[in-house]
Every structure is written in C-alpha cells, then in structure tokens.
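Shown next, in structure tokens, is the structure this report addresses.
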Amino acid sequence: MKRNILSEVKGFETTDGAGVRLTRVLSRRSSEMFDPILMLDSFDSKDPKDYIAGFPMHPHRGIETITYVYNGNMIHKDSLGNQDAITDGELQWMTAGSGILHSEEIPASERMLGVQLWLNLPAKDKMVAPEYHAIKNKDIEEIKIDGGKLRLLAGKYKDKKAYKSKYLPLNYYDIHLAPNKSFNIETEKDSSVLLFTLVGEALVNGKHIGEKTAVKLAEGDEVLVSSTDKYLQLLFIESRYLGEEIAWGGPIVMNTKEELDKAFEELENGSFIKDEMKYE
C-alpha cells in the first residue's frame, strides 16, 4: 500500500545562534505530526556572512541532534571534551541525554548546504549519558539506484547497514535523482516517515512538492518519489512514533513541566552537567 501525504510544511527564513541565517522547517508546532522528529533546520548559502557567526556554546537535554553537512564544514566542541570537524558529506550525531553544552563553528566554504534534525529521546532514555559520534565519508555507503544514487547515512537499506541509532530506530537516506527519474522506497508499514526536498522539487506519489519542504506520510509499505525536469536531492527519514507528552523550552525537551523547570533550575545553579565538564 502506497503512503499518502498527511501533512506538508514549507520552511521559512529565520536566524539562530549568533546570527546564522537558515530555513526553519519543523518546530514545536509540527512536533506532534512529525513525531519523533522535533525540529528540522536547513542551511543553504553561498555567502559566508550568512553562517560564519556559528552557534556559541549552549545547552541541550532530552534529545539527539543529527547534523548532515552535504557541502561545507562544521567544527563541534562540547562539555565532554570532544572537538571534531566534519566536511562535505559527513554527519555529527550528538546525544544530549542528561545534559551537554556544545558549540558549532561554521568556517567559510563555497556553499554551506545541510540539515540539522532534533530527534526526540523516549521518556525512559531522557537522562542517558551524553555522547558524540561522527559519521565520516568512509562510513557512508553510496548505493547506485536507477537515475541516481542513495547515500545510506544511518540505519539500513535492504541488506545494507550503516550506523545504528541507540535509542530509536532511524533509517536516514540522502537520495539524488537526475531529471525525470522515479524511485520507489519500501518502508515498514507503521513507521513514522518524512521526506524533505533539500535541493529541487519532487513528485511524491504524483503530488508536487516544492523545495525546502517536509512532508509527513501516512502508514503504508512504499512511497514513489520522482524528480521534475531538474535534479532532485531528497532526504528520507524513517523512525518510530513515540506518542509521549512533550515539554519543550528552547534547547531542552522533556516530558513534563516539572522536568523542564528542573532542567532550567539546574542550569541556573550549575548542576546541569552530570558528567565532568572538560571544555574550556
């Protein structure tokens, strides 16, 4: 059974961090529909002034942030002592868990193109130990498909396997299609699936979807995606619906107001970080 479109959200321009211009696609307003994906920000600029201010040190708790830099560079630093750079085609996967501080520097490049997702953590895993993991190009398999390629960023595709998410299943594909090509994607019938048009426009089961637009799909076991008369770069994200209460305050996402209030209280009194702070 083909998956129909339940919801369509086109991104809007905004700024975040120290003045980074980006396209905000998913946010608090869409969190119930796109569960367990809380936020989706897209970066696409050839002007370094739009992004080199970066994201200074800031806290997170209760989520995982997954940043995919298809073009450009990003330098990650965190309160666990990690410092790492990713470049064209690579990802950084950060589990905030019980609490982490991190910063993201974005050096100038010919083009900054990518996406950051916030993946919710289940209630039972909100306070797991924080950690950071980089997925480099050597870890990413590029699979030839009719009319293009599929970059397997995480999870599995048919008999191919990549980095496995610890707390929620996540199949994450970067799909490239030449003009006027189609690709049928098989899915788990009851999984939570969204598509995002990173570059170009798409047809999803025949319905036109503009660029920088996320669509949530109904249940089913397959979806047909097609390019128009131009090149298409489409992100496919498949996980499991959580259906849990959300208490969201800025960079922190918990399940109850009490948990959220406690997080901010700990930020104020200096007890937010549960692991030894090493960052200087």
Side-chain angles (χ1 to χ4, degrees), residues 11 16-17 20 22-26 34 36-45 51 54-55 58 60 63-78 80 82-97 100 102-107 109-121 128 130-143 148-157 160-176 185 192-199 212 214 233-240 251:
D16 206 339
V20 176
L22 52 84
T23 301
R24 178 143 295 158
V25 186
L26 302 181
F34 284 81
I37 304 300
L38 298 169
M39 195 177 80
L40 189 158
D41 283 345
S42 176
F43 312 91
D44 190 355
S45 177
Y51 57 81
F55 299 88
H58 60 281
H60 286 293
I63 62 171
E64 296 188 282
T65 67
I66 304 165
T67 307
Y68 179 40
V69 175
Y70 186 70
N71 294 126
N73 306 279
M74 184 173 284
I75 300 169
H76 167 95
K77 298 178 183 178
D78 65 41
L80 297 174
N82 295 304
Q83 180 169 333
D84 184 54
I86 58 171
T87 189
D88 299 338
E90 299 180 334
L91 297 91
Q92 59 178 33
W93 191 305
M94 187 185 78
T95 302
I100 198 168
H102 80 135
S103 66
E104 293 148 312
E105 299 173 24
I106 312 176
S109 58
E110 288 188 13
R111 184 181 188 182
M112 178 63 187
L113 175 66
V115 166
Q116 183 174 97
L117 306 175
W118 285 13
L119 178 64
N120 203 4
L121 281 170
V128 295
E131 61 181 297
Y132 171 84
H133 178 79
I135 302 174
K136 300 298 180 80
N137 282 313
K138 64 180 177 59
D139 306 313
I140 298 170
E141 185 168 0
E142 293 196 356
I143 302 162
K149 66 180 179 181
L150 182 153
R151 304 192 79 231
L152 179 53
L153 306 180
K156 61 182 181 179
Y157 172 73
K160 309 288 186 180
K161 294 182 180 180
Y163 176 75
K164 184 178 180 181
S165 175
K166 287 187 176 181
Y167 304 106
L168 278 178
L170 189 77
N171 294 327
Y172 194 0
Y173 311 155
D174 175 16
I175 298 166
H176 298 245
I185 311 169
S192 176
V193 175
L194 75 89
L195 307 173
F196 177 64
T197 47
L198 181 60
V199 177
K212 302 295 188 288
Q233 185 174 6
L234 178 84
L235 301 180
F236 169 93
I237 299 151
E238 180 180 28
S239 189
R240 174 172 60 83

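This one's a predicted model, so the numbers in the text were calculated from it and none came from an experiment.
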- Aromatic rings His58 and Phe55: how do their planes relate, parallel, tilted or perpendicular, breaks at 30° and 60°? tilted
- Message: To check you understand the geometry: which heavy-atom pair defines the closest contact between Asn73 and Ser109, and what is its length?
- Response: ND2-CB, 3.9 Å
- Query: Do Asp174 and Tyr68 have side-chain N/O donor and acceptor atoms under 3.5 Å apart?
  - Reply: yes
- Item | Side-chain heavy-atom pair Lys136, Asp84 within 4.5 angstrom cut-off | yes
- For residues Tyr173 and Tyr157, establish whether the separation of their ring centroids is below 6.0 Å. yes
- Flag the pair His133 / Asn82 as yes when at least one side-chain heavy-atom distance between them is below 4.5 Å, and no otherwise. no
- Go through Tyr172 and Leu117 one step at a time and tell me if the side chain to side chain contact (heavy atoms under 4.5 Å, CB included) criterion holds. CA-CA 11 Å; Tyr172 194 0; Leu117 306 175; 3.9 Å; yes
- Side chains of Glu64 and Glu131: closer than 4.5 Å at any heavy-atom pair? no
- Under a 4.5 Å cut-off applied to non-hydrogen side-chain atoms, are Pro130 and Leu80 in contact? yes
- Query: Would you call Tyr70 and His176 a side-chain contact if the rule is heavy atoms closer than 4.5 Å?
  - Reply: yes
- Would you give the length of the straight line joining atom OH of Tyr51 to atom CZ of Arg111, rounded to the nearest 0.5 angstrom? 11.0 Å
- Query: Could you give the distance from CG (Leu91) to CD (Gln116), rounded to the nearest 0.5 Å?
  - Reply: 11.0 Å
- Item | Verdict with reasoning, Trp93 to Leu170, per side chain to side chain contact (heavy atoms under 4.5 Å, CB included) | CA-CA 12 Å; Trp93 191 305; Leu170 189 77; 3.5 Å; yes
- Note on the structure: So CG of Leu113 and CD of Gln233: to nearest 0.5 Å the spacing works out to 5.5 Å
- Is any side-chain heavy atom of Leu153 less than 4.5 Å from a side-chain heavy atom of Ile140? yes
- Decide yes or no for Phe196 and Leu26: does some side-chain heavy atom of the first lie under 4.5 Å from some side-chain heavy atom of the second? no
- Yes or no on side chain to side chain contact (heavy atoms under 4.5 Å, CB included) for Leu198 and Leu234, after CA distance, side-chain angles and deciding distance? CA-CA 6 Å; Leu198 181 60; Leu234 178 84; over 6 Å; no
- Item | Contact summary for Ala96 and His60, nearest pair of heavy atoms | CB-CB, 3.5 Å
- Message: For a 4.5 angstrom cut-off between non-hydrogen side-chain atoms, does Met74 reach Glu90?
- Response: no
